[in-house]
2 protein chains.
Amino acid sequence: MTAPLHEVHPAGPGRALPDTQQGMRRRNLARVMHAVNAEGPLSRAAVASRIGLTRAAVSTLVDELIRTGLLEELGPERPGRVGRPGSALAVSGHGPAGIGAEIGVDHLAVCAVDLRGQVRARAVRHGANRGGSPEPVVAELTELVRRVVAEAEGEGLWPAGLAVAVPGLVARDARTVVRAPNLDWHDTDLGALLPDDIPLTVDNEANFGALAELWLGEGTPLDFLHVSAEIGIGAAVVVAGGLLRGTRGFAGELGHVPVRPDGPACPCGGLGCLEQYAGEEAVLRAAGLEPGEDRVGLLAGRAAEGDAEVRRALRDAGEALGIALTGAVNLLDPESVVLGGALAGLAPWLLPSLEAELDRRTAGPACPVSVSRLGPEGPLLGAAHSVVRAVLDDPAVVGERD
Amino acid sequence: MTAPLHEVHPAGPGRALPDTQQGMRRRNLARVMHAVNAEGPLSRAAVASRIGLTRAAVSTLVDELIRTGLLEELGPERPGRVGRPGSALAVSGHGPAGIGAEIGVDHLAVCAVDLRGQVRARAVRHGANRGGSPEPVVAELTELVRRVVAEAEGEGLWPAGLAVAVPGLVARDARTVVRAPNLDWHDTDLGALLPDDIPLTVDNEANFGALAELWLGEGTPLDFLHVSAEIGIGAAVVVAGGLLRGTRGFAGELGHVPVRPDGPACPCGGLGCLEQYAGEEAVLRAAGLEPGEDRVGLLAGRAAEGDAEVRRALRDAGEALGIALTGAVNLLDPESVVLGGALAGLAPWLLPSLEAELDRRTAGPACPVSVSRLGPEGPLLGAAHSVVRAVLDDPAVVGERD
DNA sequence: ACTAATTTGTAAACCGCCATGACGAAATAG
DNA sequence: CTATTTCGTCATGGCGGTTTACAAATTAGT
């Protein structure tokens with residue numbers, strides 16, 4: 001029961017399933033779940049017209065989904081219209097739950113989200129995770145996970161999967177942390193250190209942040225660029241509602257896009273990379289501040305106070321971001337750009353110069369830039385929701401357990 | 001029979017088909033076609049094991065495909081192994097054909113490609129198409145199309161669709177040329193000017209060139225960046241075997257990626273765009289040459305002769321390309337970069353500096369850069385093959401005609 | 001040579017899944 | 001109070017792939 005490492009981003013309802021009648025059934029189960037999930041309580045007839053099947057077919061699909069605890073019958077709808085009122089169906093609040101976890105530089109967090117998207121349990125532990133060996137940190141995380149799972153189970157939920165967001169590069173096996181500079185971890189197999197009774201997925205926090213924006217953001221399109229910064233600057237490219245990961249899984253390295261090709265050398269080997277202008281360290285240095293604990297808070301505080309030096313540093317960073325984003329926007333033609341992570345908190349001072357650069361360098365209407373309203377919770381929520389989406393995308397796999 | 005504007009880029013075998021039994025059948029027909037097309041002559045049993053269906057199911061699918069003329073039975077295979085030899089199946093060379101057409105700045109070309117990928121008929125007309133009104137040019141193209149179709153029909157083929165490559169931006173309706181600066185065409189609806197008895201698709205020549213590379217190139221991966229230049233510099237982003245088009249269809253505008261943010265002004269409104277360093281005009285100017293007829297040939301000739309000024313101009317252009325590509329590669333992590341179009345001919349003098357820049361700006365192993373071996377034929381072949389792929393992706397639609 | 005083993009293609013029976021059509025149930029409209 | 005509309009379900013049927021069985025065509029072994 002450890003095994004089936006569910007895909008983090010199945011770019012749509014149930015993909016590569018075998019094209020046999022059973023596969024068809026599985027896909028149709030998924031379509032019912034998606035319809036009910038997306039458009040609130042719905043009657044069987046409403047679902048049928050949404051997904052293009054007959055009422056009879058939907059009836060049997062719904063029966064199965066209710067039997068396996070993924071849907072709930074809420075009872076008769078309020079009449080309003082002519083004809084017999086339907087019986088409202090809703091995604092279950094007592095079925096599977098997605099367990100999301102985040103390993104931050106100086107905190108650990110875990111939460112449980114039900115199929116409806118509600119956070120039903122959470123736990124946080126503050127304190128630096130930097131530098132030490134991974135084992136004790138992951139042991140603490142495991143403890144938090146157990147606590148959250150117990151709490152969720154108390155509410156009638158059961159864990160369908162665990163997704164862990166880490167600040168670093170993750171191998172395509174979705175288990176191994178290849179490199180997490182801020183934690184000083186290298187080639188760490190989290191699969192060996194975490195509970196093995198729950199299907200596990202590990203991914204970069206920026207990716208989960210982008211997915212959170214995709215699934216939870218208001219009016220977020222299916223094609224956008226999500227930019228976030230912790231210590232490095234990363235972008236996640238979302239195309240047609242799925243993450244673009246790249247051949248080696250390294251896509252989105254916006255931080256090393258050349259901004260001024262003859263600029264200062266970057267540890268990556270390049271010259272004048274964006275990170276040299278808009279990276280946390282670079283901005284702190286330009287602002288004349290010492291790198292300390294809550295660096296983003298410090299910058300935001302000073303900028304809010306009106307500190308001219310800090311504001312200039314942020315304005316310059318926004319300019320560099322604008323230049324790098326011009327390239328990205330020209331290449332990808334996204335519907336919008338979303339600023340998340342630490343950038344969201346600094347947006348008031350970054351945005352003006354960023355948008356100005358983007359605007360004047362783009363022919364025609366510029367690509368709209370917005371700020372994530374999810375704040376620092378993004379990656380954690382994205383992780384938990386990725387498990388929920390996996391269930392919605394293939395309800396049959398969880399139905400098999402009993 | 002004019003209507004069904006088949007998708008140019010259905011990112012895989014038969015997508016958004018309805019999830020009913022008929023849809024399943026259609027997808028399985030497509031899978032049989034793809035298996036036979038990709039792996040040469042195959043017996044029914046071999047196809048069955050490839051696509052995961054039973055021999056019996058494949059038998060009925062093959063029967064239908066033979067009846068509609070998409071597959072051919074070649075007869076018994078040469079034994080070799082133990083057991084009854086299978087009967088070899090091949091994609092038909094007498095069924096539907098894809099008609100590809102290209103409107104170049106100074107030529108028109110049309111060809112017919114059968115399902116096997118063989119070019120079975122072609123016609124070319126040289127002479128400038130620049131500046132004048134579209135009608136007479138399209139009338140000439142129509143004449144060429146009629147000739148090629150007649151020739152193909154003489155060989156037992158019938159036209160399944162017409163795909164036209166144009167040097168400009170095409171609206172998402174795949175019929176209207178929004179802007180083709182080199183032809184001086186604006187908002188031209190080719191659908192109204194071309195024969196209306198064949199399903200029509202119009203697309204940018206760079207897109208078709210990239211697709212040709214994807215389908216015809218040797219060892220081309222499913223994720224790569226195809227860079228081509230005619231007058232502007234365009235990139236096509238291929239992800240998972242499909243074109244990334246962008247929200248407005250403007251993805252791939254590599255020419256306006258900022259290379260030196262304080263560089264010379266570009267007509268697009270930007271500063272220091274790649275096109276200001278590696279665009280045809282810019283290179284000619286840097287090389288001290290006058291813009292004339294065969295500009296690429298001129299540059300290649302001088303460079304081959306050893307003209308130092310030309311070589312320096314090309315080296316500088318390669319450098320600028322390398323900088324812009326560093327950004328693109330960091331963002332997309334493609335498996336390779338392919339140089340096509342006019343760039344292919346100039347590659348010997350562009351590549352060294354291009355690769356040097358890419359190399360030193362990238363951490364770890366640099367993204368390999370290769371040169372298209374399709375030459376100037378790419379877009380034309382890509383157009384014709386796009387029709388062929390559409391048939392392979394959904395064999396049922398052509399089966400319906402009779 | 002002759003038999004045994006293996007593989008292919010097809011036909012018949014079967015099962016699963018959705019569509020069709022009919023029906024009772026529960027609401028509104030007149 | 002009846003006609004109409006809509007919902008959910010049931011029985012029937014068609015369609016599509018699987019299972020099972022078998023004849024055909026080849027190689028392997030004696």
Side-chain angles (χ1 to χ4, degrees), chain A residues 14 17-32 35-36 41-67 71-90 395-396 399-400, chain B residues 14 17-32 35-36 41-67 71-90 395-396 399-400:
Chain A
L17 296 170
D19 233 332
T20 164
Q21 290 177 316
Q22 293 153 44
M24 185 169 85
R25 179 114 186 132
R26 285 171 70 170
R27 281 188 299 272
N28 281 336
L29 286 170
R31 297 173 69 182
V32 171
V36 174
L42 242 45
S43 69
R44 290 169 175 76
V47 171
S49 74
R50 295 279 191 298
I51 67 179
L53 295 180
T54 58
R55 297 199 307 271
V58 170
S59 246
T60 75
L61 291 165
V62 166
D63 282 351
E64 186 173 336
L65 291 169
I66 289 179
R67 246 201 351 269
L71 283 185
E72 276 175 8
E73 189 123 33
L74 297 183
E77 283 174 327
R78 311 251 297 93
R81 293 178 314 284
V82 77
R84 169 179 167 179
S87 179
L89 299 167
E400 286 161 13
Chain B
L17 295 170
D19 231 331
T20 164
Q21 289 177 313
Q22 294 154 46
M24 184 169 87
R25 180 108 184 138
R26 285 172 69 171
R27 280 188 299 271
N28 281 335
L29 287 169
R31 296 174 70 184
V32 171
V36 175
L42 241 46
S43 68
R44 289 168 175 76
V47 171
S49 74
R50 295 276 191 298
I51 67 177
L53 294 181
T54 57
R55 298 200 307 273
V58 170
S59 246
T60 74
L61 290 165
V62 166
D63 282 353
E64 185 172 335
L65 291 169
I66 289 179
R67 248 202 350 269
L71 283 185
E72 276 175 9
E73 190 124 32
L74 297 185
E77 283 175 327
R78 310 251 296 94
R81 294 176 315 286
V82 70
R84 168 181 169 179
S87 179
L89 299 166
E400 287 160 12

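The shown structure was predicted, so the numbers you read here are calculated from the model rather than taken from an experiment. Letters go in sequence order (proteins before strands), and every chain restarts at 1.
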- Working for side-chain contact (heavy atoms from CB on, under 4.5 Å), residues Val62(A) and Val47(A): CA-CA 10 Å; Val62(A) 166; Val47(A) 171; 5.7 Å; no
Rounded to 10°, the angle between the first-five-pair and last-five-pair axes of the helix from dA1(C)-dT30(D) to dG30(C)-dC1(D) is 0°
Which of dG17(D), dG9(C), dC17(C) is nearest the side chain of Met24(A)? It is dC17(C)
Taken to the nearest whole Å, CD/Glu73(A) to P/dC7(D) is 14 Å
Nearest heavy-atom contact between Glu77(B) and Ser43(B) is OE2-N, 3.8 Å
Does dG17(D) have its OP1 or OP2 closer than 4.0 Å to a side-chain nitrogen or oxygen of Asn28(B)?
yes
Closest of dG9(C), dG14(D), dT28(C) to the Arg44(B) side chain is dG9(C)
In whole angstroms, the gap separating C1' of dT26(D) from CZ of Arg78(B) amounts to 13 Å
With a 3.5 Å cut-off and just heavy-atom distances, do the side chain of Arg55(A) and the base of dG8(D) make a donor-acceptor pair? yes
For Ala45(A), report the nucleic acid contact type (base, sugar-phosphate, nothing); a contact means any heavy atom under 4.0 Å.
sugar-phosphate
With the side chain defined as heavy atoms from C-beta on, Pro85(B) is closest, among dA19(C), dT26(D), dT6(D), to dT26(D)
Rounded to whole Å, CG of Asp63(A) lies from C1' of dG8(D) at a distance of 10 Å
Leu89(B) CG to dT8(C) P, in whole Å, measures 13 Å
**Prompt:** Is there a donor and acceptor pair closer than 3.5 Å between the side chain of Arg84(A) and the base of dT6(D)?
**Reply:** no
- Message: Check the phosphate of dT9(D) against Ser59(A), side-chain N and O only, distance under 4.0 Å to OP1 or OP2. Yes or no?
- Response: yes
For Arg44(A) and Val58(A) the tightest heavy-atom approach is O-CG1, 3.7 Å
Winner on side-chain proximity to Ser87(A), out of dG8(D), dT10(C), dG17(D), is dG8(D)
In whole angstroms, the gap separating C1' of dC17(C) from CZ of Arg25(B) amounts to 16 Å
**Request:** Begin from the C-alpha positions of Arg31(A) and Arg50(A) and carry the test side-chain contact (heavy atoms from CB on, under 4.5 Å) through to its verdict.
**Result:** CA-CA 9 Å; Arg31(A) 297 173 69 182; Arg50(A) 295 279 191 298; over 6 Å; no
note: Leu29(A), atom CG; dG16(C), atom P; distance rounded to Å ~ 15 Å
Output for pair (Glu73(B) CD, Leu89(B) CG), nearest 0.5 Å, gives 5.5 Å
From CD of Glu77(B) across to P of dT27(D) the rounded distance in Å is 13 Å
Ranking dT20(C), dG9(C), dG17(D) by distance to the side chain of Ala56(A), first place goes to dT20(C)
Residues Pro41(B) and Ala88(B): closest non-hydrogen pair is CB-CB, 4.1 Å
Tightest non-hydrogen contact, residues Ala46(B) and Leu42(B), listed as CB-CG, 3.8 Å
- Report yes or no: is there a donor-acceptor pair, N or O only, under 3.5 Å between the side chain of Gln21(B) and the base of dG16(D)? no
When rounded to whole Å, the CG to P distance for the pair Leu53(A) and dG16(C) reads 19 Å
Inset, instruction - Looking at every strand, decide which applies to Thr54(A) at a 4.0 Å heavy-atom threshold: base, sugar-phosphate, or nothing. - result: base
Check: In terms of side-chain geometry, is the basic nitrogen of Arg27(B) or Asp19(B) positioned less than 4.0 Å from the acidic oxygen of its partner?
Finding: yes
So, is Thr20(B) near the phosphate of dC18(C), with a side-chain N or O under 4.0 Å from OP1 or OP2? no
If only side-chain N and O atoms of Arg81(B) are considered, is one of them under 4.0 Å from the OP1 or OP2 phosphate oxygen of dT6(C)?
no
Of dT19(D), dC18(C), dT5(D), the nucleotide closest to the side chain of Val82(A) is dT5(D)
